Amino acid sequence: MPEDKPLKSAYEIAIERLRAKDREAGAEPDRPLTDDQKREIARLRREAKAKLAELEILYRDRLQKALAETPEKAREVEEEFRRERERVESRLEASIARVREEGVSD
């Protein structure tokens, strides 16, 4: 008779399948982050959050002015804000990936 093992949740089963798929694809398993890496990632996130807050404030001001002009101008302001926000988020993701791969550099 097989050992009595606790039943696994759907989440646990899904995670096991994803890990098996990663192993088959040759993906490197996640290494635990060092304390320095955690601090650096937290710093990067704080900076990105501050930059996004700044962009939001500027966007609202520019949008009000653009709405007073034309709807086309407002759409341009919205599109520019969207691009800037995506740029900040993309840089954050790239920086975090670099910290995870290379460690913290001063």
Side-chain angles (χ1 to χ4, degrees):
M1 218 172 160
E3 294 179 33
D4 290 333
K5 294 182 181 177
L7 294 176
K8 294 181 182 179
S9 69
Y11 172 79
E12 291 170 321
I13 293 170
I15 291 296
E16 285 181 0
R17 287 180 183 164
L18 287 173
R19 286 186 179 144
K21 194 174 189 180
D22 285 347
R23 278 192 301 275
E24 290 172 8
E28 186 177 320
D30 288 338
R31 295 182 311 256
L33 296 175
T34 65
D35 288 340
D36 287 341
Q37 287 173 314
K38 290 176 185 178
R39 279 190 293 274
E40 181 66 10
I41 290 171
R43 183 190 66 78
L44 291 168
R45 287 186 173 143
R46 280 191 310 271
E47 287 179 1
K49 185 177 179 180
K51 182 64 177 173
L52 290 171
E54 177 186 2
L55 287 173
E56 179 77 23
I57 291 167
L58 294 172
Y59 161 71
R60 288 180 183 180
D61 183 53
R62 292 184 65 217
L63 183 61
Q64 277 185 331
K65 292 174 184 174
L67 286 171
E69 293 178 27
T70 64
E72 292 82 25
K73 183 70 174 171
R75 279 192 289 278
E76 289 174 15
V77 169
E78 288 173 351
E79 182 62 26
E80 183 179 338
F81 172 67
R82 184 192 59 77
R83 282 192 310 268
E84 286 295 313
R85 192 179 66 229
E86 287 175 357
R87 181 184 57 81
V88 170
E89 291 168 350
S90 175
R91 284 185 179 174
L92 172 62
E93 290 173 15
S95 296
I96 289 174
R98 198 169 27 257
V99 168
R100 286 179 185 277
E101 291 171 10
E102 301 170 3
V104 177
S105 60
D106 291 333

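Fair warning: this is a prediction, and the values are worked out from it, not measured in the lab.
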K.L.:
So if you build clusters from Ile, Leu, Val, Met, Phe, Trp, Tyr with side-chain heavy-atom gaps below 4.5 Å, do Leu67 and Val77 land together?
P.N.:
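Both belong to a single hydrophobic cluster.
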
K.L.:
Sequence neighbours excluded, which residues qualify as side-chain contact (heavy atoms from CB on, under 4.5 Å) partners of Ser9?
P.N.:
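side-chain contact (heavy atoms from CB on, under 4.5 Å) check on Ser9 returns Tyr11, Glu12.
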
K.L.:
Run the side-chain contact (heavy atoms from CB on, under 4.5 Å) test against Leu18 and tell me which residues pass, sequence neighbours left out.
P.N.:
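Residues passing side-chain contact (heavy atoms from CB on, under 4.5 Å) with Leu18: none at all.
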
K.L.:
Taking all non-hydrogen atoms of both residues, which atom of Gln37 and which atom of Pro32 are closest, and how far apart?
P.N.:
OE1-O, 4.2 Å

K.L.:
Is any side-chain heavy atom of Lys8 less than 4.5 Å from a side-chain heavy atom of Glu16?
P.N.:
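Heavy-atom side-chain distance check passes, below 4.5 Å.
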
K.L.:
What residues, two or more places apart in sequence or in another chain, satisfy side-chain contact (heavy atoms from CB on, under 4.5 Å) together with Arg39?
P.N.:
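Partners of Arg39 by the side-chain contact (heavy atoms from CB on, under 4.5 Å) criterion, ordered by chain and then number, come out as Asp35, Asp36.
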
K.L.:
Please list, chain by chain and in numerical order, all residues satisfying side chain to side chain donor-acceptor pair (under 3.5 Å) with Glu80, sequence neighbours excluded.
P.N.:
Arg62

K.L.:
So, taking the atom named NZ in Lys73 and the one named CZ in Arg75, what distance separates them when rounded to the nearest 0.5 Å?
P.N.:
12.5 Å

K.L.:
Any chance CZ of Arg91 has more than 12 other-residue heavy atoms, nucleotides or ligands included, within less than 6.0 Å?
P.N.:
no

K.L.:
Working to the nearest 0.5 angstrom, can you tell me the gap between Glu69 CD and Glu76 CD?
P.N.:
9.5 Å

K.L.:
Which value, rounded to the nearest 0.5 Å, describes the distance between Glu89 atom CD and Glu84 atom CD?
P.N.:
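The CD atom of Glu84 is 11.5 Å from CD of Glu89, to the nearest 0.5 Å.
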
K.L.:
Considering only Ile, Leu, Val, Met, Phe, Trp and Tyr, and joining two whenever side-chain heavy atoms are under 4.5 Å apart, list the other residues clustered with Leu58.
P.N.:
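Once heavy-atom contacts under 4.5 Å are chained together, Leu58 still belongs with nothing else.
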
K.L.:
Partners of Ile96 by side-chain contact (heavy atoms from CB on, under 4.5 Å), sequence neighbours excluded?
P.N.:
Ile41, Leu44, Arg45, Leu92, Arg100

K.L.:
Return the set of residues passing salt bridge (charged side-chain N to carboxylate O under 4.0 Å, His left out) with Glu54 (not counting sequence neighbours), or none when no residue passes.
P.N.:
Lys51

K.L.:
Which pairs, with at least one residue in residues 55-80 and sequence neighbours excluded, count as a ring-ring contact (aromatic ring centres under 6.0 Å, His included)?
P.N.:
Tyr59-Phe81

K.L.:
Enter the distance from Ser95:OG to Arg43:CZ here, rounded to the nearest 0.5 Å.
P.N.:
8.5 Å

K.L.:
Kindly write out the residues that satisfy side chain to side chain donor-acceptor pair (under 3.5 Å) with Gln64, not counting sequence neighbours, or none if the list is empty.
P.N.:
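Gln64 satisfies side chain to side chain donor-acceptor pair (under 3.5 Å) with no other residue.
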
K.L.:
Checking Glu56 now: which residues fulfil side chain to side chain donor-acceptor pair (under 3.5 Å) with it, not counting sequence neighbours?
P.N.:
Arg60

K.L.:
Glu79: which residues meet the side chain to side chain donor-acceptor pair (under 3.5 Å) condition with it, sequence neighbours left out?
P.N.:
Arg82

K.L.:
Going by the rule salt bridge (charged side-chain N to carboxylate O under 4.0 Å, His left out), which residues pair with Glu78 if we only count those two or more places apart in sequence or in a different chain?
P.N.:
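Residues passing salt bridge (charged side-chain N to carboxylate O under 4.0 Å, His left out) with Glu78: none at all.
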
